[in-house]
Asker: 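My questions will all concern the structure given below.
Both counts, for ligands and for their atoms, begin at 1 and track the order of listing.
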Amino acid sequence: MRCRPSTMSSTSLNILLFTVLCLLVRSNSQTVHKRFEYKYSFKPPYLAQKDGSVPFWEYGGNAIASGESVRLAPSLRSQKGAIWTRTPINFDWWEVDVMFKVTGRGRIGADGLAFWYTTARGEYTGEVFGSSDRWNGLGVIFDSFDNDNKHNNPYVMAVVNDGTKNFDHKSDGATQLLSGCLRDFRNKPFPTRARVEYFLNTLTVHFHNGLTNNEADYELCFRAENVVLPRGGYFGLSAATGGLADDHDVIHLLTTSLHTTQQAGSGQQISSADQQKLSQEYQEYQKKLEQQKEDYRKEHPDEVRDKEGEFDDWFESDGQRELRQIFQGLGQIQDVMRDLHKKVDEVIGKQSNSLSLLSAVYSHAQGQGLQAAPGQPAQMPALPISRQDWDLMSSNHQLVINTIAELKGFIIDVARKSDALLQGGGAGAAGAPSPQLLSEMRDGINVVKQTVAGVSQRLSAPPPAAQALCPSVSCVSAATLLALLGAHLGLMFLYAVYKYRKKGSSSEEILLSDVCVHLILRADIAPVRAAKLLLRLFDDVSEN
Ligand code: MAN
Ligand code: CA
Ligand code: CA
């Protein structure tokens, strides 16, 4: 009596185990059959035809299709566009791979794109990422812009709607989403991808972040079970921009229908008798074919020998293919290396050219060639002018220009004063300079004026012509010119003083003129200083 329940329980346990096993075996044998659905797909090249149409699809709004992609919404404010399948799908389970690029120059972009599976195609003027609100079906939304300022965008989410709900754009659909994941899909080096699978009422979304071009780099975004979607929906893609804008480009949408074994076989089941018959027929056909081949070989022994292995080249084993690919890869590396080598050679050639040019310039400047002692490497000659000298030279140059400007001003002043004297008529005043003397002075000053103007013009103008005519080192420098000018002025001055002396001028003026001559004739006084002193003297004289 005591062992009865135990026997019963062991029996029921065995039955349970058997049932589970049966179920397991059944589910294992239920393999998934996949079929590429070209009528629900688009991809480059020739995505759009010459007339702009995309076979089996229709698009509208601001969407533009090219051979390479569909731009759903361009990076302009308040744009919306979409592309939809022309016909509803005729399979229950599917997998859709969408490759897209969302790009924009801003750190933040907007508004995003959406993949749809809905009972009706959306309106191109719709309010939800370029499609209609209150849709019936599924929307997988790639929301770039953080409207609710929760710092949780860009975000990928699935929203299922039965045609009654309005999408809450202001809070990024936060309370309406079925599931989602925080993923950045903007401005990636490679196109980003999403693989949306709907199989046996389980919705799975995988995401590829576009950091690589590797097919295997999808990662799970979410999986949701017990999702019931209406049958016979349309696939669609849409995008929209708002106050901010990104380009929303879709490169491909590839649809694969998924079928279970029962589905795949449904309606095509054949009896085992028929199966046997077919298999027998096939075997007989194979035998017949072999027999015919044998006969042909016997009849045409030469031709057969020639043609043996004719198609061998057309096939390759996995190993052969791998080796071929490795060889191709190596070949490409070699090509790149060769190019690199060439480039490096070119660079070295150019460099040595520049070096020899430089050497030639140095040796010309120093008046000697680069001569290395036997067995010793050639030494680079010292620069003909040091940085310090250069700075000194340029500051001197500036000083010369300034001084000449001052001189010019002064001369104009003198000319003005002499004009006034002439016009004022000094006939009455005893000891005043005669008009003849003044006109001589004015002529002299005019000559000086012209000379100064000439010098200043030459100083301010770029000197290419002058340099082309004479070597840079032995050209007449501005300082020399100024010295000559100074001498000229000095002589004029002396002449004027001489005239004044004759008429009884003061001893101070005589002394000044002597000093002036002395300064000008002394070779060791810098011309700029000489010019400055000269200026001062002029000032003194003119004031007196
Ligand atoms: C504006 C509005 C929003 C939009 C953002 C970002 O604020 O147009 O609807 O989401 O810009 O484009
Ligand atoms: Ca948003
Ligand atoms: Ca948000």
Asker: Is there a polar contact between ligand 1 and F145, counting only N or O atoms under 3.5 Å apart?
Answerer: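 N/O-N/O distance under 3.5 Å: no.
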Asker: Tell me which N, O or S atom from D146 is the closest to the Ca ion (ligand 3).
Answerer: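 Closest N, O or S atom of D146 to the Ca ion (ligand 3): OD1.
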Asker: By atom name, which N, O or S atom of D148 is the nearest to the Ca ion (ligand 3)?
Answerer: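 Output for this pair reads OD1.
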Asker: Looking at the Ca ion (ligand 2), is there an N, O or S atom belonging to N153 that lies under 3.0 Å away from it?
Answerer: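 No, since none of the N, O or S atoms of N153 sits under 3.0 Å from the Ca ion (ligand 2).
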Asker: Under 3.5 Å, is there a donor-acceptor pair between the side chain of K170 and the main chain of N147?
Answerer: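 Looks like no, no N/O pair under 3.5 Å.
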Asker: Quick one: which ligand 1 atoms are inside 4.0 Å of a heavy atom on N147?
Answerer: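 The list of qualifying atoms is 3 (C), 4 (C), 10 (O).
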Asker: Checking contacts now, so for atom 10 (O) of ligand 1, which I'm interested in, is there any protein heavy atom under 4.0 Å?
Answerer: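 Flag for atom 10 (O) of ligand 1 set to true, protein heavy atom closer than 4.0 Å.
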Asker: State which residue, out of F115, F129, F100, fulfils the ring-ring contact (aromatic ring centres under 6.0 Å, His included) condition with F142.
Answerer: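 Filter result, single survivor: F100.
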Asker: I want to know if ligand 1 touches H169 in the polar sense, i.e. an N/O pair below 3.5 angstrom.
Answerer: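 Yes; the residue has a nitrogen or oxygen that sits under 3.5 Å from a nitrogen or oxygen of the ligand.
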Asker: With a cut-off of 3.0 Å, does any N, O or S atom of N149 fall short of it relative to the Ca ion (ligand 3)?
Answerer: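 False for N149.
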Asker: Going by ring-ring contact (aromatic ring centres under 6.0 Å, His included), Y117 matches just one of W94, W84, W135. Which one?
Answerer: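 It is W94, the one option of W94, W84, W135 that forms the ring-ring contact (aromatic ring centres under 6.0 Å, His included) with Y117.
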Asker: Among protein heavy atoms, which lies nearest atom 8 (O) of ligand 1, and at what distance?
Answerer: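 Scanning the protein heavy atoms, the shortest distance from atom 8 (O) of ligand 1 goes to G243 N, 3.4 Å.
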Asker: Is there any N or O on L244 that sits under 3.5 Å from an N or O of ligand 1?
Answerer: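 It does: an N or O of L244 is found under 3.5 Å from an N or O of ligand 1.
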Asker: Any N/O/S atom, backbone or side chain, of Y155 lying under 3.0 Å from the Ca ion (ligand 3)?
Answerer: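 No, Y155 does not qualify, because none of its backbone or side-chain N, O or S atoms lies under 3.0 Å.
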Asker: Just wondering, is there an N, O or S atom on G173 that's nearer than 3.0 Å to the Ca ion (ligand 2)?
Answerer: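 For G173, the answer is no, given that no N, O or S atom comes within less than 3.0 Å of the Ca ion (ligand 2).
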Asker: Is it true that N166 and R134 share a donor-acceptor pair across their side chains at a distance under 3.5 Å?
Answerer: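 Side-chain D/A pair, R134 to N166: present.
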Asker: Short question: side chain of R121, backbone of T87 - any donor-acceptor pair under 3.5 Å?
Answerer: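 Pair absent, no side-chain N/O of R121 close to backbone of T87.
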Asker: Quick check: does D143 have an N/O/S atom under 3.0 Å of the Ca ion (ligand 3)?
Answerer: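 No, D143 does not qualify, because none of its backbone or side-chain N, O or S atoms lies under 3.0 Å.
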Asker: Looking only at side chains, do T212 and D217 share a donor and an acceptor under 3.5 Å apart?
Answerer: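 Per modelled atom types, T212 and D217 side chains form a pair under 3.5 Å.
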Asker: When you measure from the Ca ion (ligand 2) to each N, O or S atom of D172, which atom gives the shortest distance?
Answerer: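 Relative to the Ca ion (ligand 2), the closest nitrogen, oxygen or sulfur of D172 carries the name OD1.
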Asker: Give the numbers and elements of all ligand 1 atoms closer than 4.0 Å to a heavy atom of A110.
Answerer: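 Every atom of ligand 1 under 4.0 Å from some heavy atom of A110: 6 (C), 12 (O).
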Asker: Do D247 and S75 have a side chain donor and acceptor closer than 3.5 Å?
Answerer: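 A pair is found: one side chain offers a donor N or O, the other an acceptor, under 3.5 Å apart.
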Asker: S257 and W93: side-chain donor and acceptor closer than 3.5 Å?
Answerer: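 W93 and S257 do not have a side-chain donor-acceptor pair below 3.5 Å.
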